[in-house]
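Quick notes on the structure that follows.
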Amino acid sequence: MSTVAPFLSHLNPSQRRAVEHFCGPLLVVAGAGSGKTRALTYRVANLIRYHHVDPANILAVTFTNKAAKEMKERIERLFSQQVAEDEYGKPLSALPEREQVQLRSRVYKTYVKDLWVGTFHALCARILRFDIDKYKDDRGNTWTKQFSIFDESDAQTLVKSIVTGDLNLDSKTFEPRSVRYAISNAKNRGLSPEEFQQDQPNYRGRVIADVYGRYITKLAENNALDFDDLLLIPVRLFQQNESILGYWHHRFRHVLVDEYQDTNRTQYDLIRLLVTNGEPARTYGNWNQRSAFVVGDVDQSIYSFRAADFTILMEFQHDFGDGLDDKETQTLVKLEENYRSTENILQMANALIQNNSQRIDKVLRPTRGTGESIICHRADDEIAEAQYVVGQIRAMEQEHPDLNWRDFAILYRTNAQSRAFEEVLVQWAVPYSVVGGLRFYDRKEVKDILAYLRMVVNPCDTVSLLRIINTPRRGIGKTTIDRLVNAAQELNLPLWEVLVDEGLVKTYGGRSARGLTTFAQQLQQWQAVADDLPASALVQRVMEESGYVQDLISQGTDEADDRRKNLDELRNAALQFEDENEDAGLLTFLGSASLASDADSKDDLSNRVSLMTLHSSKGLEFPVVFLVGLEQGLFPNYRSMDDPAALEEERRLCYVGITRAQEQLFITHANARRLWGSREPAVPSLFLNELPQELVLGQLPHAGRRQRPPAPSRSAASSATRSPKTRPPARPAAPPHNWQVGEKVLHRAFGVGQITHVFGSGDKQSIAVRFPGSIGQKVLDPKLAPLDRLP
DNA sequence: TGAGCGCGGGTTTTT
DNA sequence: CCCGCGCTCA
């Protein structure tokens, strides 16, 4: 037991350094396909097995629920093999079936069950189920453990009710989506409504600040949290309550974070608080029996739109680490050997990413053969592109007996692009599955039933109540609902309290009073039994007793039939959840439903071609990858083209796509593309110019280098009035300047800002500048950005 | 109170 | 081109 665990022998020296790391901070810079998941998994196993760390003292943060599940499974497998060898002297597979099952279940209980592995959101939700009742925000709002988690559409519904209902404003000028986005941004920057308002010079900004304040109050009235709160509230709670922080700090002695390049400030704050018990990171020295182990790759940072900030990773060495340079440091390991892709694919990836200025110096070193050339294909339009891709897939599948449908992936920039591919795949009867798009839990019928369940757990959840009060129809119309809502407002009660008060219902309910009372009684019955029934049983009862299923049956359409099947799926999901989780109450089931993504529910077992966005493809690999739609304005997306930092993110996205491929990579683009019905000419992506021709079979296009994309134009009129835009005259070469942190600069678009970071040097230099208000931090290339120095 | 129709807007990526 | 919302009419 105290010998080095044999599984360490499968590792290369760098991986081994990472895996054997015990106490203190460590940054693992892990290139694509370098075995970082393996390093994480093995390290957890090594901590438990070799260093005798209690699994309950380990916290591992993953980027998706699926990754969390996989990590737990891998750890279980690893231990099962070990234990089989230790106790029986033979591999697990050599044991009788029954003993295998017993052994695995024992391993699960001993080593895996008490580990905390999950996404930031899932872990925070779990912490809050313990401690949220001890939290009070600065306006005195409180929540209970039964809180609902509002997804993006719930949050927008709330925003909309504030804009159109409370403030009586036009929901077109104040689109719920963009208002919600602004609020989310403010939250992610840690601004209260008051602080946010100070930054807002104009009417619109002040209105948004007003909505923001009301939004917080309404969330609290609903006993609900949005995705941002899930992260923010633990941070604030830890800051205001030493003993709670102390508990979790003590509990999680070993903190591991995957995809560290995609953490945002709040997530960083959370990690720092947990690791240092609130002390500053730089001076923290008490690493006895404690570690912070983060893994990431700046080149794969693709979530800045969600406030992710890869400078957090770049600062790790100064922050937690010893800050020494790469040769001497003890707090940095680089994994550069790539085990996934052929050399040609890696060379292509390396060549592309070298065009970025903000990086940690790193290459992908091949360990496999040269492989096939990359194939570049130009199609006439998006239909021809799809036909080409599907044709290739069919041909390859026929020719190579070892290639299955599941070995192919089609990766695109935007979800909308899937359509053409789906049509052609259907035409040729090729099985496929689209990852992303509409989540299972976002289907109307599923959301409806979940709303019932949320009301059972958390009766203050008025957003859910309003969703189901007349679904299925029970004769409760808009006027009635308005009267009830007004009554609730005047009495300063949750809507639910009005509904269960028979006197009030008689006063305000009018002709619908009867329906209302029955509805309220039904909910109360479920509430009474909720604690004694498993989630699946409650799903079943609600589906039937609410009349929802009956309503679908009486509709008798194919669509209603589909919906009914989806509800059966929902019950199955609850059953499966009960199987997989110890504490599978209704509360935790609802939590997992709110935080599930579409990718989580996909089974890898089915043999299908995968279609997904580049974002969804992160962390996956496929023998054959089709990277499609490489056109200016589409990829890189037109919204990124004016901002050098955003363009670099698009390039990283392309890099992620390329590095998904193991054996063969296809890159396609079209001459023209249908956009909302009209056919628009397309220009090849500038990324195509950055790829080395010698690796490519077929001619890389040369156009596009200096062209702006055709801006997506809604009408002929707008495209006619669009001035033939020429590029701004090249700026005269500015004298080289040694930028300093703290310097003030004037940007033509963003105004005055202050430099917060300087990256790289000489030609490859870039700077991070913080601008006031909603602009926030921008990373700029001083050679390109319209910048002037200010004294 | 509910059904049907017409208009207008949307496509960047997601926990 | 497709979907959702809001308006109008029965």
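So you know, we letter chains A, B, ... as the sequences are listed, proteins then strands, and number each from 1.
For A/Arg177 and B/dG10, the CZ to P distance is 6 Å, given to the nearest whole Å. Atom CD in A/Gln417 sits roughly 18 Å away from atom P in C/dC2 (whole-Å rounding). Taking atom CD of residue A/Glu423 and atom C1' of nucleotide C/dC2, one finds them 12 Å apart after rounding to whole Å. Put simply, CG on A/Asp262 is 12 Å from P on B/dT15, counting in whole angstrom units.
Among the nucleotides B/dT14, B/dA3, B/dT11, the one closest to any side-chain atom of A/Tyr303 is B/dT14. Residue A/Ala416 has its side chain nearest to B/dT11 when only B/dA3, B/dT11, B/dT13 are considered. The side chain of A/Thr613 has B/dT13 as its nearest neighbour among C/dG6, B/dT11, B/dT13.
Taking side-chain N and O atoms only, A/Asn415 has a distance below 4.0 Å to OP1 or OP2 of B/dT14. Under 4.0 angstrom from either OP1 or OP2 of B/dT14 there lies at least one side-chain N or O belonging to A/Ser616. Dashed line: the shortest gap from a side-chain N or O of A/Lys444 to OP1 or OP2 of C/dC3 is not under 4.0 Å. In terms of phosphate contacts, A/Arg652 brings no side-chain nitrogen or oxygen within less than 4.0 Å of OP1 or OP2 of B/dT13.
Looking at A/Arg651 and A/Glu690, a side-chain N of the basic residue comes within less than 4.0 Å of a carboxylate O on the acidic one, giving a salt bridge.
Comparing A/His121 and A/Glu175, the nucleotide of DNA chain B nearest to each residue sits closer to the 5' end for A/Glu175. The residue among A/Thr480 and A/Arg639 whose nearest nucleotide of DNA chain B is located toward the 5' end is A/Thr480.
A/Arg473 comes within 4.0 angstrom of sugar-phosphate atoms only, judged by non-hydrogen atoms across all strands, and of no base.
Seen from the ring of A/Phe147, A/Arg129 counts as a face-on cation partner, given the 6.0 Å and 45° thresholds.
Between A/Ala682 and A/Glu631, the closest heavy-atom pair is CB-OE1, 3.5 Å.
Under the rule for a salt bridge (Lys or Arg N to Asp or Glu O under 4.0 Å), the partners of A/Asp561 that lie at least two apart in sequence or sit in another chain are A/Arg564, A/Lys565. Scanning for salt bridge (Lys or Arg N to Asp or Glu O under 4.0 Å) contacts around A/Arg467 gives A/Asp448, with sequence neighbours left out.
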